[in-house]
Enquirer: 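Handing you this structure, nothing more for now.
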Amino acid sequence: MYEKPSPRVLWSWVSILIAVAIPHLAVGGWLLWRLFPRLVMPFLLLSVAAVAVIGLWYLPRRRENMRYSLGEQRVTVRGGVLFITSRRMELDAVRQVTLLQGPIERRCDTAFLLISATGGYLLIEGIDRPRAEEWCRGRFPL
């Protein structure tokens, strides 16, 4: 059974998008106003359109397509926006599970799980922090 990430992960992504977009618009607009005043309005329109597409289409679609599953034999992570990919890892191959949590994830009470194995790694985004801590302690809900 596939599970979706927490709905709060979308808010963390939107927070990051806003935190990046505001300085970009301010510095870019100021530099263009100083150097090429005619290009300020097209720059601002394109930038706002790009932020709107990312915030209103890309991020919700990305969260909608994300799924993870922990079975008796393997961990499976599915995701993508235009192309859906699926990555699997056998539980016998798991060597380390690392919980990653930045300030925005702490605020939203979500986390990333980096599952490392001999042949590669899996990244699970937007998992609830209590569940991620259980997985880190090795108590997989089988």
Side-chain angles (χ1 to χ4, degrees), residues 1-71 73-141:
M1 177 79 181
Y2 281 103
E3 296 181 40
K4 292 180 67 135
S6 170
R8 295 181 302 254
V9 75
L10 187 59
W11 292 112
S12 68
W13 291 343
V14 169
S15 302
I16 293 168
L17 178 66
I18 291 170
V20 168
I22 290 174
H24 166 77
L25 291 171
V27 171
W30 180 79
L31 283 174
L32 280 176
W33 176 69
R34 299 286 292 166
L35 301 172
F36 306 104
R38 289 182 158 179
L39 296 178
V40 171
M41 195 52 87
F43 167 76
L44 291 176
L45 289 175
L46 285 174
S47 297
V48 168
V51 168
V53 166
I54 292 170
L56 297 174
W57 180 77
Y58 176 81
L59 293 178
R61 185 166 170 90
R62 182 171 179 227
R63 184 195 170 270
E64 186 64 32
N65 291 336
M66 286 176 59
R67 304 267 194 278
Y68 60 89
S69 171
L70 180 64
Q73 301 292 324
R74 69 182 56 93
V75 179
T76 306
V77 177
R78 215 185 92 179
V81 176
L82 295 176
F83 303 101
I84 306 301
T85 59
S86 182
R87 296 185 64 193
R88 290 180 273 268
M89 180 181 292
E90 299 297 321
L91 286 179
D92 295 341
V94 173
R95 299 289 173 241
Q96 182 177 4
V97 180
T98 307
L99 184 132
L100 304 169
Q101 200 175 28
I104 294 176
E105 286 81 24
R106 272 189 231 113
R107 174 103 177 149
C108 295
D109 203 31
T110 61
F112 294 91
L113 273 182
L114 181 64
I115 304 172
S116 303
T118 311
Y121 67 91
L122 286 178
L123 181 67
I124 300 176
E125 300 179 63
I127 189 169
D128 288 324
R129 186 190 48 76
R131 173 169 242 177
E133 288 174 350
E134 279 182 29
W135 284 31
C136 280
R137 286 191 290 270
R139 291 191 212 111
F140 296 114

Enquirer: Between Trp57 and Val81, which heavy-atom pair has the shortest distance, and what is it?
Expert: CH2-CG1, 3.7 Å

Enquirer: State the CG-CH2 distance between Leu59 and Trp11, to the nearest 0.5 angstrom.
Expert: 11.0 Å

Enquirer: Can you tell me which residue pairs pass the side-chain hydrogen bond (donor to acceptor under 3.5 Å, both in side chains) test with a partner in residues 99-116, sequence neighbours excluded?
Expert: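 Passing the test, one end in residues 99-116: Asp109-Arg129.
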
Enquirer: Could you tell me whether a side-chain N or O of Ser12 sits under 3.5 Å from a main-chain N or O of Val9, the two making a donor and an acceptor?
Expert: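 Between the backbone of Val9 and the side chain of Ser12 there is a qualifying donor-acceptor contact (under 3.5 Å).
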
Enquirer: Restricting to pairs with a member in residues 43-65, which pass salt bridge (charged side-chain N to carboxylate O under 4.0 Å, His left out), not counting sequence neighbours?
Expert: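 Only Lys4-Glu64, Arg62-Glu125 qualify under salt bridge (charged side-chain N to carboxylate O under 4.0 Å, His left out).
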
Enquirer: Any side-chain heavy atom of Trp135 sitting closer than 4.5 Å to one from Ile124?
Expert: yes

Enquirer: What pairs with Phe36 under ring pair (Phe, Tyr, Trp, His ring centres under 6.0 Å), at least two apart in sequence or on another chain?
Expert: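 Once residues adjacent in sequence are excluded, Phe36 has no partner under the ring pair (Phe, Tyr, Trp, His ring centres under 6.0 Å) criterion.
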
Enquirer: In the structure I gave you, are the side-chain heavy atoms of Gln96 and Leu114 within less than 4.5 Å of one another anywhere?
Expert: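 They are not in contact (no side-chain heavy atoms under 4.5 Å apart), so the answer is no.
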
Enquirer: Measure the CG-CD1 distance between Leu91 and Ile115 for me, rounded to the nearest 0.5 Å.
Expert: 8.5 Å

Enquirer: Could you report the tightest heavy-atom contact between Met89 and Ala117, atom names first, then the distance?
Expert: SD-CB, 3.5 Å

Enquirer: Closest heavy-atom contact between Pro23 and Ala19?
Expert: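 Result for this residue pair: CD-O, 3.0 Å.
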
Enquirer: For the residue pair Leu17 and Val51, what are the closest heavy atoms and their distance?
Expert: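 Here Leu17 and Val51 meet closest at CD2-O, 3.8 Å.
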
Enquirer: Could you report the tightest heavy-atom contact between Ile54 and Pro60, atom names first, then the distance?
Expert: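 That would be O-CD, 4.3 Å.
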
Enquirer: Tell me, do Leu123 and Val77 make a side-chain contact under 4.5 Å, heavy atoms counted?
Expert: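 SC-SC contact between Leu123 and Val77 ruled out.
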
Enquirer: Taking side-chain contact (heavy atoms from CB on, under 4.5 Å) as the definition, give me every residue that meets it alongside Trp30, ordered by chain and number, with sequence neighbours left out.
Expert: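 Testing Trp30 for side-chain contact (heavy atoms from CB on, under 4.5 Å), a comparison that skips the adjacent residues, returns Trp33, Arg34.
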
Enquirer: Suppose we screen for side-chain contact (heavy atoms from CB on, under 4.5 Å). Which residues come up paired with Ala132, at least two apart in sequence or across chains?
Expert: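 If we apply the side-chain contact (heavy atoms from CB on, under 4.5 Å) test to Ala132, skipping adjacent residues, the hits are Leu99, Ala111, Leu113, Ile127.
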
Enquirer: Look at the rings of Phe43 and His24 and say which category their plane angle falls in: under 30° parallel, 30 to 60° tilted, over 60° perpendicular.
Expert: tilted

Enquirer: I need the full list of side-chain hydrogen bond (donor to acceptor under 3.5 Å, both in side chains) pairs touching residues 75-91, with sequence neighbours left out, sorted by first then second residue.
Expert: Arg74-Glu90

